[in-house]
Every structure is written in C-alpha cells, then in structure tokens.
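Notes for the one structure printed next.
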Protein chains: 2
Amino acid sequence: MGLTKSEIFTEEQNEIAAIAKVLGHPARIAILDFIIKLKSCVCGDLVKDIGLAQPTISQHLKELKKVGIIKGTIEGTSVCYCIDDNKFKEIKNKLNKFLSKNATENCC
Amino acid sequence: MGLTKSEIFTEEQNEIAAIAKVLGHPARIAILDFIIKLKSCVCGDLVKDIGLAQPTISQHLKELKKVGIIKGTIEGTSVCYCIDDNKFKEIKNKLNKFLSKNATENCC
DNA sequence: TTTATTTATTGCAATATTACGATTAATATT
DNA sequence: AATATTAATCGTAATATTGCAATAAATAAA
C-alpha cells in the first residue's frame, strides 16, 4: 500500500518519525551541512555545490522548510535560506529526548 | 526516478541519512519505544501492541536490525529483540554530533 | 518594456516503501 | 510423527519518493 498508518501511533511517535524522515536523505543532510558552514546561503549555490538539478534542490528545501528546520527570506530575485536556530534546537532536543529513553542497560 | 544519488555525498552524510531514515517511520519509533519500555521483547507482543500485521512488524524489525540499533536472539520458537546498547549510543552520538554543528547564531 | 536571473511548480518516469495475505521454516509440544 | 506456535520470506497492490526537463513566476537590470 505504501500508506503509513499514522492514526495508530501517538502524536510524539509521528512527530519524531516526521523529523527523522526529513533528515533521512543525504541531499538534505548535505544542504544543512552547507547552510551551517556558510551561516547563510541562496539556492543557486546549493545547486552548484551539491550537484543535483535545481528543481531537485528546491524540492528538498521545501521539505526542510516543512518541518521548520530552515527558513527562507526573499532577497530580490534570490532566496536566502538559513537555519531556524530555535526550531533547530527544538528538533535536536526532541530527538535527544527520544534517544535518551534508553538510559538503563538492556537484557541481552 | 526514486533512486538516491549516494555517490555524490560524503560517507558521513550518507550514514547520518541512513540512520535518520530508519527512524523516519512511526512504527519503528513505536517498536523502539516498546522494546525500551520492556527492556526485552518478542515479535508477537509487538504485533499485539502496535496493531500492524506480523509480516509488517517483521519487516520493520529487519530495518532496525540493519542499522544495528536492535539485535535479536533466538529463544525456542520466538525471538527476543533487544536494544543494542552500544550501537544505540553510537547512533545517538552521531546524530548529536551532526545536530551540534549548528553551534553559532545564523544570519537571519 | 525587454531581457536576464533566480527560484518554484508541474508533469512524468523510475524506483522505493508500506502493508498484508499466503506460505515457509524452525522449533515446541503432544 | 503430527500438530501447534512463532517469526521470516515471498509476492503483490497501493502509495511515496527521487530526480529532472520544461515551464512559470517574480524581480532586477538594461
């Protein structure tokens, strides 16, 4: 079917999964790496740097924007894509919180 | 095309993405939640608890095993699935390291 | 206003993922 | 040995994702 049954999971489970899913593509990791390295950027630079077609980069940027980890400000003909520091921290904390659940030792 | 161009990304970018991708489905988050809560479990319990068909759970377990975050030990007719504590920590550290790159404030 | 420049959107082909019924494999129990 | 129990695998349908060419939209520059 290819259709995730979101309704049988908790909101937290769906949220963690949604965040992880967006991070689950090397192009999007590369985009974040690049933006973090530069502290600011425009889409054109990403196309040159990463080596995927412009529509593909645009699509990945859209998904990153969807979870709020980056934000874009229009500057003339180009768009300045930046990390949303607050949202980034929030996402980091949420993932960390989930990964910290496994505090005590396990059986085997 | 549906085919990720892994060869144009760094090994680290591919690795982070692969880890995140596995965490990018609520069923797998729910499975981890359940195993962590119980400290040990068998597949049958998961099927009852989560509400997906047995082959579906089995498939998700396989993907979690693929990145090493869980391990399964055969016990008679059933399999005891547990968190691989070392691998879990490793994964946590890798994600954290990536998410800690964004240390300084950004432009906008 | 025309022409560039830059990013978004549309449409589509190829591949991947999700989910499950049916079946298989492997061990326990009777 | 026959039967139950449990999990893996196979096959398949439905949907999602990835990537790109073509095009549109929006602003800047001439």
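By convention in this document, chain letters (A, B, ...) are assigned in the order of the sequence lines, proteins followed by strands, and residues within each chain are numbered from 1.
For A/Lys21, no side-chain nitrogen or oxygen approaches OP1 or OP2 of C/dT17 to under 4.0 Å. Note on B/Tyr81: a side-chain N or O is less than 4.0 Å away from OP1 or OP2 of D/dA8. Contact check, A/Thr56 against D/dC20: a side-chain N or O comes under 4.0 Å of OP1 or OP2. Within the structure, a side-chain polar atom (N or O) of A/Ser58 is placed less than 4.0 Å from OP1 or OP2 of C/dA8. In this structure, B/Lys62 does not reach the D/dA7 phosphate: none of its side-chain N or O atoms is under 4.0 Å from OP1 or OP2. The shortest distance between the side-chain N/O atoms of B/His60 and the OP1/OP2 oxygens of C/dT17 is not below 4.0 Å.
Nearest-nucleotide assignment on DNA chain C puts the 5′-proximal partner with A/Lys65, out of B/Gln54 and A/Lys65.
Counting non-hydrogen atoms of neighbouring residues, nucleotides and ligands closer than 6.0 angstrom, the CD1 atom of A/Ile8 exceeds 12 such neighbours.
Figure legend. C/dA4 is base-paired to D/dT27; pairs are counted as Watson-Crick or G-U wobble with both atom distances under 3.5 Å.
Picking from C/dT7, D/dC10, C/dT18 the nucleotide with the shortest atom distance to the side chain of B/Arg28 gives C/dT18. The side chain of B/Thr4 lies closest to D/dG19, out of C/dA19, D/dG19, C/dC20. Among the nucleotides C/dT18, D/dT5, C/dA8, the one closest to any side-chain atom of B/Thr77 is D/dT5. Of the candidate nucleotides D/dA7, C/dT18, C/dT15, C/dT15 has the atom nearest to the side chain of B/Leu3.
A donor and an acceptor atom never sit less than 3.5 Å apart when one is taken from the side chain of A/Gln59 and the other from the base of C/dA8.
Taking both residues in full, the closest heavy atoms of B/Ile31 and B/His60 are given as CD1-CB, 3.7 Å, listed atom of the first, atom of the second, then distance.
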Worksheet entry | Full working for side chain to side chain contact (heavy atoms under 4.5 Å, CB included) between B/Asn96 and A/Leu95 | CA-CA 9 Å; B/Asn96 245 317; A/Leu95 279 179; over 6 Å; no

Discussion item. Checking A/Asp45 against A/Tyr81 for the side chain to side chain contact (heavy atoms under 4.5 Å, CB included) test, could you report, in this order, the C-alpha distance in whole Å, the side-chain angles of both residues, the deciding distance, and whether it holds?
Written reply: CA-CA 11 Å; A/Asp45 291 345; A/Tyr81 273 112; over 6 Å; no

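Nucleic acid contact for B/Leu52: sugar-phosphate only, since backbone atoms but no base atoms lie under 4.0 Å from a heavy atom of the residue.
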